[in-house]
2 protein chains.
Amino acid sequence: MTMAMMQHAYDVYENRCPTRLVLDRLADKWAVLILDRLDEGPVRFNHIRRDIKGISQKVLSQTLKKLERDGLVSRAVFATVPVTVEYALTPLGRTLTETVSALAHWAERNMDAVLAAQRAYDEASPA
Amino acid sequence: MTMAMMQHAYDVYENRCPTRLVLDRLADKWAVLILDRLDEGPVRFNHIRRDIKGISQKVLSQTLKKLERDGLVSRAVFATVPVTVEYALTPLGRTLTETVSALAHWAERNMDAVLAAQRAYDEASPA
DNA sequence: CAGGATCCTACGCGATACTG
DNA sequence: CAGTATCGCGTAGGATCCTG
């Protein structure tokens, strides 16, 4: 038991730690993008699909379902014709977006540094 | 172009946006755990391997290499017998750990709420 | 519009064996 | 100790078609 371990109430490094399950969900590119997108307010299915370029309908559907199951996203159905479905953050989900969008914005701010590092690395050891 | 888009200098929702590349690396369970582990100071390969239960040697090796390529992690070789290799965060990597560990700690704090939500969801629509 | 059901394939990853 | 190399399987996920 090191100091590193001590600061976690649960041992996130432990194999079957439940925190891992949550981290599994969060540590997903699409989930991060979706949560970040929902932070702006409720959005309909195909709207998300259009906004987040490159996500397939299947994966969007799956990811939304997982996020809903985790209690992070709510799904509201309106009896219009055709039917309208709105996805939104739950209160729990809203407690997460600050952290998640911090991650997205870190990526944005430090993208150049990362790309530079990659170039340097690739030059040092060419394929 | 919605308001949601406006607050990003780059459009993270865009398919080939370089931010996506960074997010791809960050949105990885093992990378998060490794970065969180390295936050405590330099660690040797097999030490990480032992601490982070369930990670295979192959994936650890791969992930460390990617993190090094991204300039987030440094690799120091010491000419002992047998050889010693220490992994540590770079200055760039250190700017990330606050965010990353925030994610890990959110997972830890809200794990119970998520698990409860999952139970409720599963009860509502049994398989 | 908001998905469900299928088919199919690339590849992520574990297991194993070997090396400097 | 700190990895690389190879094989082989499982599955995530794209493409396509269909529906209330």
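For the side chain to side chain contact (heavy atoms under 4.5 Å, CB included) with B/L103, the qualifying choice from A/V32, A/T99, A/V22 is A/T99, the only one to do so.
To the nearest 0.5 Å, atom CG of residue A/L72 and atom CG of residue A/L89 are 8.5 Å apart.
Of the listed nucleotides (C/dG14, C/dA2, D/dA2), D/dA2 has the atom at the smallest distance from the side chain of B/R44. Which of D/dA2, D/dG14, D/dG3 sits closest to the side chain of B/S61 comes down to D/dG3. Checking D/dG3, D/dA2, C/dC1 against every side-chain atom of B/Y87, the shortest atom distance belongs to D/dG3.
Between C/dG3 and A/K65, no contact under 4.0 Å exists linking OP1 or OP2 to a side-chain N or O. Within the structure, every side-chain polar atom (N or O) of B/K58 is placed at least 4.0 Å from both OP1 and OP2 of D/dA5.
Side-chain atoms of B/T63 do not come within 3.5 Å of backbone N or O of B/A31 as any donor-acceptor pair.
Atom pair B/D24:CG and D/dA12:C1' shows a separation of 14 Å (rounding to whole Å applied). Spacing between atom NZ of B/K66 and atom P of C/dC11 amounts to 12 Å, rounded to whole angstrom units. In this structure, CZ of A/R49 is placed 11 Å from C1' of D/dG14, rounded to the nearest angstrom. A/Q62 places its CD atom 13 Å from the C1' atom of C/dT6, with the value rounded to the nearest Å. Atom CD1 of A/I55 is separated from atom P of C/dA2 by 14 Å (rounded to the nearest Å). For the pair B/L60 CG and C/dA15 C1', the computed distance is 16 Å after rounding to whole Å. Rounded to whole angstrom, the span from the CD atom of B/E86 across to the P atom of D/dA2 amounts to 9 Å. Nucleotide D/dG3 holds its C1' atom 8 Å from the CZ atom of B/R75, rounded to whole Å.
Residue-to-nucleotide contacts include a donor-acceptor pair under 3.5 Å from the side chain of A/Q57 to the base of C/dG4.
Of the two residues contacting DNA chain D, namely A/S56 and A/V83, the nearest-nucleotide position lying further toward the 5' end is that of A/S56.
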Practice problem: Please lay out, stage by stage, how A/E108 and A/H105 fare under the test side chain to side chain contact (heavy atoms under 4.5 Å, CB included). | Solution: CA-CA 5 Å; A/E108 188 175 334; A/H105 286 83; 4.1 Å; yes
Self-check item: CA sep, side-chain torsions, deciding dist, call: A/R69, B/D122, salt bridge (charged side-chain N to carboxylate O under 4.0 Å, His left out)
Solution: CA-CA 8 Å; A/R69 188 173 107 96; B/D122 293 343; 2.4 Å; yes
